[in-house]
**Student:** 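Submitted below is the structure of interest, expressed as structure tokens.
Excluded from the calculations below are hydrogen atoms, water molecules and symmetry mates; all remaining heavy atoms, backbone and side chain alike, are included.
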Amino acid sequence: MKRPFLVGSLSLAVSGLLITMAGVPASAAGDSRRPSPPKASTSEALRDAKQSVADHPRAARASSFDTFSSQAVRIDKDGTRHVHLDRTYRGLPVLGGDVVVHSAPDGNLRETTLTLKSPLSLSTDAKVSAKKAERTAEKRFKAKRGTTHTTSSKLVVDALSGKPRLAWRVVVDGIAPDQSPSHLNVLVDARTGKTVRTWNDFHTADGTGHGFQVGDVTVSTTAVSGGYQLKDGSRGNGETRDAENLTAPNDIPPPGWGKAFTDSDNVWGNGALTDRATTAVDAHYGIQQTWDYFKSVHGRNGIKNDGVGARSFVHYGQNYDNAGWDDTSFSMIYGDGAPGQKPFTQLDVAGHEMSHGVTSATADLIYEGESGGLNESTSDIFGTLVEFNAANPKDAPDYLIGEKIDINGNGTPLRWMDDPKKDGVSQSCWTTNTKNLNPHFSSGVGNHFFYLLAVGSGQSSWGNSPTCNGSSVTGIGNAAAGKIWYRTLTTYLTSGSNYAAARTGSIKAAIDLYGASSTQCAAVEKAWSAVAVAPTATTCGTTTPGGSNLLKNPGFESGTANWTASSGVITNSADGAPFAGSYYAWLNGYGTTHTDTLSQSVAIPSSGSPKLGFQLAIDTAETGSTVYDTLKAQVVSGGTTTTLATYSNTTPSGYTQRTLDLSAFKGRTVTIKFTGTEDSTLATSFLVDDTAVTTG
């Protein structure tokens, strides 16, 4: 009998597939011949999702101390439900504990999306006081020479990465040295007092701005006594106000703050900065165009999808050379720029900043690590799509971010989407260091992916986009790419999602929208591989494009189908845990002399750069640096067995992505084989999941 695997050491997948009947593949769980039930209401979908979590706690990594509340509810046209739930543990909010429950139209659970690795089990007794945590956070804020207004703290569970811990989430509200509102979040370990991570809930465009005018445009206003006000009644009363070169009290613009723009003849500005309303026209136009893009293309009724418009404040601060979105006050601010410069009111900047609000209201991606990069790239993507949707001749659409700001004084933009590394600091290709970068720079991976998906690789009228793997990618256009990314954000990402999760989610989104064998889905796979984000278990189900998975049943969710394995290797045992879904391969773990094998035959194409990828977790009772138990990743070809890599008891770890070169076997039909051997005492378990053979 195998000893239990230490589930707490695993790094589980972003998406977990629930098998609704023991021993039955997921594809057999439902009957497509049944008549579709009536479309559920939001409250019904929420109720059923909570019940699904109660009935299937493993699918949500839920413990008996967890409770769930609604973050967002999305119901597709066919009645399929996607309910985003926030989690508390023993009454404490869990950062990174949110889960999306995906259900059939009748409420039956299909799968879950989450980043939590395992059910929570930790003490909620803090050894560090709230006051001490607040002093730690304030010291960090003041070190940047900011002005503190208020400080608040809340005890939370930090499950964003690694082992969950008890922490104080301290928010220091104030004014940064550049006059920006600042909502600095500092996570302080509640047992050690050490700072865990920081991020700012106020998102700026990250640079000084010269700004530009949007030219002669139509702006929607509201009639008031004596004339008109710059308030848009057709778009949720979105309003543009004059900050009068002040900064907001307590750094948060309260209701009624600033001065309303009014005009007797409904003609606004004069095209020059001598009229304060000229900049207001730019900002108001930005509100309108962002609203119209999300409404006309995605059916979203305002930033929060609640019909409420945002506010914009122009002439913010003294010579403030930036712009930004403040989710706390649901508003945009624009400075006039440094002396001699123009206001920071470019259209893609407005779309970028307000899209931070859309992200906050949906996936709520934490502004730190890879999730922070995804947050930033999402705003660049939608800011660009707002610009294309507006098609304003004064600001010709492109895949450059803030090109009219002239941030460097030489006509170059803030960021390039075709090849983000052009700015000297952003990444065009994913690496293990991506998570350590400022979100504005790690966003390059997402920006590059989207450009490749929409436009394609190589030279075009929009730029020259290389790929990280030497492949060629054909774009599918902004319309399809934008719809795929919007569904990914609103349906498949959670607060702690990383780029691997984004790959999985966007493939699912493409399948939802266009089908598993569609050109659009294949392009998603190729674009992610082209920015070095490795394949996961979720694929489009076709082997035509180079980036697709050539293995069948790669995540073992159909049990032993297509695999040859020793008895008990392919399992859904609760004593271990999958990386994704419910099934996985468990080799060895008996503590006696034993050999397990797992294999599948596959034809390796003669072109491309074939690779074997898989997730591997190792748990052992052995100690020291002596190799006793091993797992070999092998290729059998023409009767010859080649060992590509050997793993052993000396390097225990949670699930880790492994990638091995198969170039030596191009043009051959081979057998991919895993061989686990164990000596006579002390068990070592090798868990394999999410296998893939790719050629892109």
Side-chain angles (χ1 to χ4, degrees), residues 14-15 17 39 42 45 49 71-85 98-105 110-114 293-305 351 355-365 371 374-375 377-386 388-389 446-447 449-450 452-454 475-495 497-525 527-528 533 536 538-541:
V14 176
S15 179
L17 178 65
K39 191 173 180 180
T42 297
Q71 156 77 358
V73 176
R74 178 186 178 93
I75 303 176
D76 295 342
K77 290 181 179 180
D78 67 356
T80 301
R81 312 168 185 185
H82 312 276
V83 180
H84 197 150
L85 298 173
D98 50 326
V99 55
V100 182
V101 178
H102 306 279
S103 305
R110 286 181 173 171
E111 63 176 332
T112 57
T113 301
L114 69 164
Y293 166 73
F294 281 107
K295 179 70 172 179
S296 63
V297 176
H298 303 298
R300 187 174 189 84
N301 191 26
I303 289 175
K304 289 187 177 180
N305 203 25
S355 292
H356 278 304
V358 175
T359 296
S360 177
T362 54
D364 197 22
L365 291 159
S371 59
L374 281 167
N375 192 318
S377 65
T378 293
S379 281
D380 278 354
I381 289 167
F382 288 130
T384 296
L385 294 176
V386 166
F388 270 93
N389 195 62
N447 286 353
F449 156 77
F450 185 82
L452 291 169
L453 182 62
I476 59 174
N478 279 345
K483 288 179 179 178
I484 289 170
W485 194 248
Y486 180 78
R487 184 167 179 85
T488 303
L489 175 72
T490 58
T491 307
Y492 292 112
L493 297 186
T494 57
S495 59
S497 291
N498 58 13
Y499 278 113
R503 176 175 178 134
T504 295
S506 57
I507 290 172
K508 289 183 177 181
I511 291 172
D512 292 345
L513 294 169
Y514 302 106
S517 60
S518 64
T519 300
Q520 293 87 346
C521 191
V524 169
E525 288 191 316
W528 279 122
V533 176
T536 64
T538 302
T539 67
C540 295

**Student:** To the closest 0.5 Å, what do you measure between NE2 (H84) and CG (D364)?
**Tutor:** 7.0 Å
**Student:** When you compare the side chain of W485 with that of F449, does any pair of heavy atoms fall below 4.5 Å?
**Tutor:** yes
**Student:** Taking all atoms of both residues into account, what is the closest heavy-atom pair of S296 and N389, and its distance?
**Tutor:** OG-ND2, 4.1 Å
**Student:** Which distance, rounded to the nearest 0.5 Å, do you find between the CG of L489 and the CD1 of I484?
**Tutor:** 14.0 Å
**Student:** Judged by atom type as modelled, is there a donor-acceptor pair below 3.5 Å linking the side chain of Y486 to the main-chain atoms of H298?
**Tutor:** no
**Student:** With a 4.5 Å cut-off on side-chain heavy atoms, are I507 and C521 touching?
**Tutor:** yes
**Student:** Looking at N375 and L365, would you say the former's side chain and the latter's main chain have a donor-acceptor pair under 3.5 Å?
**Tutor:** yes
**Student:** In Å and rounded to the nearest 0.5 Å, what is the CH2 to OG distance from W528 to S506?
**Tutor:** 5.5 Å
**Student:** Is there side-chain contact between T491 and V100, with heavy atoms separated by less than 4.5 Å?
**Tutor:** no
**Student:** Any side-chain heavy atom of R74 sitting closer than 4.5 Å to one from T490?
**Tutor:** yes
**Student:** Are V524 and L453 packed together at the side-chain level, in the sense that at least one heavy-atom pair is separated by less than 4.5 angstrom?
**Tutor:** yes
**Student:** Is there a side-chain contact between E525 and C540 in this structure, where contact means two heavy atoms from C-beta onward sitting under 4.5 Å apart?
**Tutor:** yes
**Student:** What are the two closest heavy atoms between S360 and Q71, and how far apart are they?
**Tutor:** O-NE2, 3.6 Å
**Student:** Using the side-chain contact (heavy atoms from CB on, under 4.5 Å) criterion, which residues pair with A480? Sequence neighbours excluded.
**Tutor:** I476, Y514, Q520
**Student:** Just how far is it from atom OG1 of T538 to atom CD1 of I511, taken to the nearest 0.5 Å?
**Tutor:** 7.5 Å
**Student:** Does the side chain of L114 come within less than 4.5 Å of D98's, by heavy atoms?
**Tutor:** no
**Student:** Looking at residues at least two apart in the chain, or sitting in another chain, which of them share a salt bridge (charged side-chain N to carboxylate O under 4.0 Å, His left out) with R487?
**Tutor:** D76, D512
**Student:** Where do S355 and S379 come nearest, in terms of heavy atoms and distance?
**Tutor:** C-OG, 3.7 Å
**Student:** Compare every heavy atom of A45 with every heavy atom of V73, then report the nearest pair and how far apart it is.
**Tutor:** CG1-CB, 4.0 Å
**Student:** Identify the two heavy atoms, one from A500 and one from T536, that lie closest to each other, and give their separation to 0.1 Å.
**Tutor:** O-CG2, 4.0 Å
**Student:** Can you check whether Y492 reaches H102 side chain to side chain, under 4.5 Å on heavy atoms?
**Tutor:** yes
**Student:** Identify the two heavy atoms, one from R300 and one from T362, that lie closest to each other, and give their separation to 0.1 Å.
**Tutor:** NH2-CG2, 3.6 Å
